[in-house]
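Because only heavy atoms are used, hydrogens play no part in the values below, and waters and symmetry mates are left out as well, while side chains stay in. Note that the coordinates shown come from a computational prediction; the quantities given were computed from them, not determined experimentally.
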Amino acid sequence: MAQLIKVKDYASRYEHHFLHQNAEFLSAKQAYWQRMKTDWMIANKSGSKAPEDEPLEKNSRMGKAVNRLKWWKHEEEEEVEITESDAYLFFKGKTLEELKDIFYDNWFLTQLEWASSTVSEISMMDPKLKYDYRLRTLLRELPDTYFVMYYPVFHTKQTTMEGAITIVGPVGIDVIHILEGTMYSVFEPADSRFWKEYVNQKQHTFVSPVLALKRTMNVVEAVLKKAGTTFPAQATVVSPASIIDNREILYAHTADKREYKRWMEKRITNPSPVKNRQLFSAEALMEQTATVSVLRSEIYSPDGYGE
């Protein structure tokens, strides 16, 4: 599961002590999975009795795990107490694949928390990110050795700009723009500034995604040059469900539904561990990003506006 190191202009734990956060991510993720898997195995052990007949030990690991399985709740909602009987019932009968889905859902929320807050600062995260299918899929499919910057906001000479999705892998950087479309969509560059989408005998014109890719590539290349490192970077228009035609005039590479699986598998099956040059490049890019946040003390103090 790839590491989400930056979202927009939110505060991120990776902004400081990047190397430590990388190690912390790997350790915490592995420990969380092992705890959850152990509790699942206890609940589904052959011959286990129901909790009414054989109560679970007080403060058991299973009870703690299910308490960790709370997603999120609105402040006005009444908190629900989870008993160890609930814990047993939660894990009982679930398959290993269902357990993995639960794990990924929960760890995804942990990643959002890490990418929107630090020990002392917190950013107002858009709640819709919790349901962002593309972000969830991207993080789940890519290995731990990839660092994802999701529409990061970069400082430029005069102002700030929102960049395209930037993925720092062991052997290079992918700057990507995702065209969702439908299974019937056909995308086609009309000229250097506009693209067209053809679907159900209708035509839709929109601004070329290549323009955003070029701007982000310019920032990435400038940051790497300033940092004194060389690391290959590639711009790609990705369309997992649709077709991209007439690609001869493109500045960027493409990976439409005919090539997306192969494009992703090349990264999934990449055996390379995290490299020093990769870490250095990711740190340099993080230093170029903007952050908008408030101090936690301003929100949670008795006189804070969050009370």
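- When every heavy atom of L4 is checked against every heavy atom of Y14, the shortest pair comes out as O-CE1, 3.7 Å.
- Residue Y184 qualifies as open at atom OH: its count of foreign heavy atoms under 6.0 Å is 12 or below.
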Next on the checklist: Let's go through V7 and M125 carefully: what are the C-alpha distance in whole Å and the side-chain angles of both, what is the deciding distance for side chain to side chain contact (heavy atoms under 4.5 Å, CB included) to 0.1 Å, and is it a yes or a no?
Outcome noted: CA-CA 9 Å; V7 177; M125 183 181 70; over 6 Å; no
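- Inter-residue side-chain proximity for W114 and I5 is flagged as unmet; no heavy-atom pair is nearer than 4.5 Å.
- With salt bridges taken as basic N to acidic carboxylate O contacts below 4.0 Å, none links D132 and R134.
- The heavy-atom pair separating P170 from P273 by the smallest distance is CB-O, 3.4 Å.
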Item to check | Candidate pair D144 and L26, rule side chain to side chain contact (heavy atoms under 4.5 Å, CB included), full reasoning | outcome: CA-CA 8 Å; D144 293 342; L26 298 174; 3.6 Å; yes
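- Atom CZ in F18 sits 10.5 Å away from atom CD in E287 (nearest 0.5 Å).
- Between the side chain of S116 and the backbone N or O of S123, no donor-acceptor pair lies under 3.5 Å.
- Checked against the 6.0 Å centroid criterion, the rings of Y32 and F103 qualify as a close aromatic pair.
- Residues S239 and I178 have side chains not in contact (no heavy-atom distance under 4.5 Å, counting atoms from C-beta outward).
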Next on the checklist: Show, in sequence, the C-alpha distance, side-chain angles and deciding distance for L285 and F147, and conclude whether the side chain to side chain contact (heavy atoms under 4.5 Å, CB included) test is met.
Outcome noted: CA-CA 11 Å; L285 288 170; F147 305 125; over 6 Å; no
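- Side-chain N or O atoms of T291 include none that pairs as donor or acceptor with a backbone N or O of T289 at under 3.5 Å.
- The environment of NZ in K275 is crowded: more than 12 heavy-atom neighbours from other residues, nucleotides or ligands sit within 6.0 Å.
- The hydrophobic clustering, which links ILVMFWY residues whose side-chain heavy atoms are closer than 4.5 Å, places M41 and L96 together.
- With hydrogens and angles ignored, the 3.5 Å screen pairs a side-chain donor or acceptor of Q278 with a backbone N or O of T145.
- Hydrophobic clustering of Ile, Leu, Val, Met, Phe, Trp and Tyr side chains at less than 4.5 Å, counting indirect connections, keeps Y198 apart from F206.
- Counting only distance, with no hydrogens or angles, the side chain of R136 and the backbone of K130 share a donor-acceptor pair below 3.5 Å.
- Remark: side-chain polar atoms of Q288 are paired, donor with acceptor, to backbone N or O of H155 under 3.5 angstrom.
- Side chain of S293 to backbone of E121: no donor-acceptor contact under 3.5 angstrom is found.
- Contact check on E15 versus K6 returns a salt bridge, with a Lys/Arg side-chain nitrogen under 4.0 Å from an Asp/Glu carboxylate oxygen.
- Within the 4.5 Å cutoff, side-chain heavy atoms of I244 are placed close to those of W195.
- By the 4.0 Å N-to-carboxylate-O rule, K196 lies too far from D191 to be salt-bridged with it.
- Atom OG1 of T216 sits about 11.0 Å away from atom CD of E221, to the nearest 0.5 Å.
- Scanning all heavy atoms of the two residues, the minimum distance from D126 to Y10 falls at N-OH, 3.1 Å.
- Remark: R35 fails to qualify as a cation-pi partner of W33 under the 6.0 Å distance and 45° angle criteria applied to the six-membered ring.
- Counting all heavy atoms, side chain and backbone alike, G169 lies closest to F231 at O-CZ, 3.3 Å.
- A single hydrophobic cluster is seen to contain both L279 and L142, as judged by linkage of ILVMFWY side chains at heavy-atom distances under 4.5 Å, directly or through other members.
- A heavy-atom distance below 4.5 Å is not found between the side chains of I176 and T166.
- Annotation: the span from D174 atom CG to Y146 atom OH amounts to 7.0 Å, rounded to 0.5 Å.
- The closest side-chain heavy-atom distance from V237 to D256 is not below 4.5 Å.
- Look at K100 and E97 and you find a salt bridge, because one of the NZ, NE, NH1 or NH2 atoms lies within 4.0 Å of a carboxylate O, short of that distance.
- There is a path of hydrophobic side-chain contacts, each under 4.5 Å, that joins V210 to M161.
- Shown here for L139 and Q111, the closest heavy-atom pair between the two residues is CD1-OE1, 3.6 Å.
- Looking only at side-chain heavy atoms (C-beta outward), M264 and L138 come within less than 4.5 Å of each other.
- Put simply, NZ on K8 and OH on Y151 are 9.0 Å apart, with the number rounded to the nearest 0.5 Å.
- Nearest heavy-atom pair across T236 and Q234 is OG1-NE2, 3.4 Å.
- When atom types are taken as modelled, the side chain of S117 and the backbone of E113 share a donor-acceptor pair closer than 3.5 angstrom.
- Under a hydrophobic clustering in which Ile, Leu, Val, Met, Phe, Trp and Tyr are joined whenever their side-chain heavy atoms come within less than 4.5 Å, directly or via other members, V175 and V153 fall into different clusters.
- Side-chain contact check for F194 versus S208: every heavy-atom pair is 4.5 Å or farther apart.
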Item to check | N44/K92 under side chain to side chain contact (heavy atoms under 4.5 Å, CB included): CA gap, chis, key distance, verdict | outcome: CA-CA 6 Å; N44 291 280; K92 185 67 177 174; 4.1 Å; yes
Checklist entry - Between T182 and S185, does a side chain to side chain donor-acceptor pair (under 3.5 Å) hold up when you go through it step by step? => result CA-CA 5 Å; T182 71; S185 295; 3.1 Å; yes
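- Here I173 contributes atom CD1 and M149 contributes atom CE; the two are 9.0 Å apart, rounded to the nearest 0.5 Å.
- A distance of 10.0 Å separates CD1 of I243 from CE of M183, quoted to the nearest 0.5 Å.
- Between W40 and I102 there is no side-chain heavy-atom pair separated by less than 4.5 Å.
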